[in-house]
Amino acid sequence: MLLQVTASSLPSKSNLYPFQIYKNPIEPAQLLALSLKTATFNHPLISSRLISLYTHSKSTSLDHVRSLFDQFQQPTLFSWNTLIKSYVQNQRSQESLFMFLDFMTLSGLMPDVFTLPCVIKACGRLMALKEGGQIHGLVFKLGFGSDLFVQGSLVGMYSKFKDIGSARKVFDQMTERDLVTWNSLLDGYVKDGEIELAMELFDEMTERDVVSWTVMVDGLSKCGRVDDARKVFDEMPRRNFASWNAMINGYMRAGDFISARGLFDVMEDKDIITWNSMIAGYEHNGRCSEALKLFTKLLNLGYVPTHSTLVSTLSAISWSALLSKGRWVHSYMVKNGHKLDGVLGTSLIEMYCKCGSIETALKVFESIPNKKLGHWTTIIAGLGTHGRYFNMMIKDYKIEPTVEHYGCLVDILCRAGHLEEAKNVIESMPLKPNKVIWMSLLSASRIYKKVEIGEYAAQSVTEIDPSFIESYVLLSNMYAATGNWDKVSRVRDAMRKTGVKKDAGCSLIEYRDEVHEFIAGDKSHPRTHEIYHKLSKIRERLKSVGYVADKSQVLLHIEGDDEKETELESHSERLAIAFGLISLKPGIPIRIVKNLRVCNDCHSVTKHLSKIYDREIIVRDNSRFHHFKHGSCSCMDYW
DNA sequence: GTAGGGTTAG
């Protein structure tokens, strides 16, 4: 609490003092003390000035200003406007609209040409179509139909709604238009995907500023014309951060992180969005180690990470399963007071889930006071096996399930072997099932050898994404598991025809803050000799416990069982495990990330190894976690 | 007599 006002505050008899305060600069705390002493706290000029001073003071948070505001007997229109605007500026548009609602019902005042642009902007940000329409009606009723700022902001709002028709209508009715209004409309065309019309409008403009140009750079790159975007970028008479950032993001969207990096390196001054764009871009393009390097660099250079910096960084950490780094970021967040009740909480939970620390993920989940949809989705997906959170979500928290939640339900049913029931859920759910859901069903069909359902699921996946390799692999594995070799070769023919190729298997392991990467049959690691020596030891140990290799899932067409066995032995996760065994101290769990689904044989071998070497081995493949301990796996042989 | 609308990351 910033202050407590107990003195009954009456307007001053002296009329001179409230006017004088505008002439001389004054510290907010100084004016507050003065107003309390002279009982002028509620004077309209004083209260307005107080709100203004505290709003602009960097050391005062918006919530503090709000608590000051709440103590006024009758806040002025100016004070309302200032706070409503501050909420929008602080990315708290929802609260801005709530405050506007309070204003309309409680204040007894009417909005003016300063109030309306703020709330119209909030509607645009929130995509609040209904409220936006109502406020548009209010604008007419109050007779602000010819105010440039109000009309201009309506153009902006409809542009955000991608309702270019309404934006254009308001625009055409305006008696005067300034550059900001033109730019709003230009952005509307871009948001609506009408790049040709945007270009026409751009040519029509007699005056353009850096925003107009930037909107074009952004628009062209967003519809895949990154080379044209670059041409516009090069033609620009002047550029600001947003222009550079738009171009960088254009390249990142096109997957051209080399060109993006080129621009980044050339930039003399960078803002935090530049860094965030690079980190997010690298992360989207699967270059997580580059993303993490930049995160370290920006900290060293003294930039202050924002929410989105942390979200992207956590995401990069999740993909590479660098638990120690994730813990560091978590503690950084705690130290710097980042709240976890939004996307950031979701990212953190996801990071712990994907880095194999489900207990910490649960702890984080439980520590979040106002759990939102995303937190549930993430933790449920992470828990996987722990079913029946579904009803609690609907009943206790009144959250509408999304496709992901149905996905979890299907997964749970599949695990329990209720494949028909799972199929029924998919067919009767109110949302369109996605690839992931069909894959759960397909995966279960393989385990439970339900060929018919499996074929149905595989077909559905192929309809959604014909080039999705995993469905072919699973279908083939299912046929292999049921001894249907004829159909196995037919699947391979289908793969050849559609031109899908299996990615090379790749496993990562973290050792001494470095990531070591292995591909199948890899001989490039500096300690290759030791690793293969360890592999031969492993083979002996396995033989001594009577282990026989399961060769049913070797996808490559290799003649003769011996070759199959050799192929299995050099699977990337085996190399990573061998490396883990020789380099990590006994007792420390071996954590591995793999890009493909773990094969049957590696799975049973890893179970044995966890017992033989008394080691916890945690493997994250592309669909779930395998926590190997004392000879068994947390997935209960279902994956 | 302090206050309003447009571009870039998530």
Side-chain angles (χ1 to χ4, degrees), chain A residues 18-19 21-23 44-56 76-86 88-89 91 111-124 144 147-160 167 170 174 177-188 190-191 208-219 221-222 233 236 239-250 252-253 260 270-284 305-315 342-344 346-347:
Chain A
F19 290 101
I21 60 162
Y22 292 110
K23 299 219 174 94
L45 285 179
I46 299 299
S47 62
S48 298
R49 183 69 171 149
L50 274 172
I51 287 290
S52 175
L53 287 171
Y54 274 108
T55 302
H56 293 117
T76 59
L77 180 57
F78 172 84
S79 300
W80 282 99
N81 285 350
T82 308
L83 263 147
I84 288 173
K85 183 198 168 222
S86 295
V88 184
Q89 279 184 338
Q91 320 281 345
D112 67 355
V113 290
F114 290 101
T115 329
L116 289 164
C118 298
V119 289
I120 290 170
K121 186 178 173 182
C123 290
F144 293 132
D147 183 85
L148 177 64
F149 279 70
V150 174
Q151 297 301 306
S153 54
L154 281 171
V155 175
M157 181 187 78
Y158 284 120
S159 293
K160 283 240 161 45
V170 177
M174 288 171 78
R177 304 172 191 115
D178 62 356
L179 189 51
V180 175
T181 313
W182 280 90
N183 286 341
S184 299
L185 190 67
L186 192 65
D187 189 46
V190 164
K191 289 238 172 7
R208 299 172 192 133
D209 67 357
V210 63
V211 176
S212 332
W213 288 89
T214 305
V215 169
M216 288 314 294
V217 170
D218 182 52
S221 73
K222 269 189 182 140
F233 180 79
M236 287 177 77
R239 302 181 192 97
N240 62 11
F241 284 132
S243 331
W244 285 89
N245 297 343
M247 197 61 238
I248 286 179
N249 283 306
M252 282 302 193
R253 224 174 279 121
K270 304 169 175 77
D271 68 355
I272 189 67
I273 297 186
T274 317
W275 290 90
N276 292 351
S277 303
M278 287 300 292
I279 293 175
Y282 272 135
E283 193 263 320
H284 290 325
T306 64
H307 264 235
S308 49
T309 325
L310 296 167
V311 169
S312 306
T313 303
L314 283 173
S315 188
V343 188
L344 204 50
T346 315
S347 305

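Predicted, not measured: the structure shown is a model, and the values here were computed from it. Lettering of chains follows the sequences in order, A, B, ..., and the numbering in each one begins at 1.
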Taking atom [atom2] of [N] as reference, at what distance in whole Å does atom [atom1] of [X] sit?
X	N	atom1	atom2	answer
A:Q89	B:dA3	CD	P	11 Å
A:W80	B:dA3	CH2	C1'	16 Å
A:I46	B:dT2	CD1	P	15 Å
A:L77	B:dA3	CG	C1'	9 Å
A:N249	B:dT8	CG	P	10 Å
A:M278	B:dG10	CE	P	13 Å
A:F114	B:dG4	CZ	C1'	6 Å
A:F144	B:dG5	CZ	P	16 Å

Hey, is the side chain of [X] poking within less than 4.0 Å of OP1 or OP2 on [N], counting only N and O atoms?
X	N	result
A:R253	B:dA9	yes
A:H284	B:dA9	no
A:K85	B:dA3	no

Contact class for [X] (heavy atom, under 4.0 Å): base, sugar-phosphate, or nothing?
X	result
A:S277	sugar-phosphate
A:N240	base
A:N81	base
A:V343	nothing
A:T309	nothing
A:K160	sugar-phosphate

Indicate, yes or no, whether a donor-acceptor pair under 3.5 Å links the base of [N] to the side chain of [X].
X	N	answer
A:S153	B:dG4	no
A:D112	B:dG4	no
A:S308	B:dA9	yes

Item to check | Donor-acceptor contact present, side-chain A:N276 to main-chain A:I279, <3.5 Å | outcome: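 Side chain of A:N276 to backbone of A:I279, a donor-acceptor pair under 3.5 Å: no, none is there.
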Next on the checklist: Between A:S52 (side chain only) and A:S48 (backbone N and O only), is there a donor and an acceptor less than 3.5 Å apart?
Outcome noted: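 Side chain of A:S52 to backbone of A:S48, a donor-acceptor pair under 3.5 Å: no, none is there.
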Checklist entry - Does A:W244 have any ring-ring contact (aromatic ring centres under 6.0 Å, His included) partners at least two apart in sequence or in another chain, and if so, which? => result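 Only A:F233 meet the ring-ring contact (aromatic ring centres under 6.0 Å, His included) criterion with A:W244.
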Next on the checklist: I'd like to check the ring-ring contact (aromatic ring centres under 6.0 Å, His included) partners of A:W182; sequence neighbours left out, ordered by chain and number.
Outcome noted: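 Partners of A:W182 by the ring-ring contact (aromatic ring centres under 6.0 Å, His included) criterion, ordered by chain and then number, come out as A:F171.
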[X], nearest nucleotide to its side chain (from [options]):
X	options	value
A:C118	B:dT2, B:dT7, B:dG4	B:dG4
A:A280	B:dG4, B:dT8, B:dG10	B:dG10
A:F78	B:dG4, B:dA9, B:dT2	B:dT2

Item to check | With A:N245, the side-chain hydrogen bond (donor to acceptor under 3.5 Å, both in side chains) member among A:D271, A:D218, A:N240 | outcome: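 Result for side-chain hydrogen bond (donor to acceptor under 3.5 Å, both in side chains) with A:N245: A:D271.
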Next on the checklist: Ignoring hydrogens, what is the shortest heavy-atom contact between A:V190 and A:G219? Give both atom names and the distance.
Outcome noted: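 Taking every non-hydrogen atom into account, CG1-CA, 3.4 Å.
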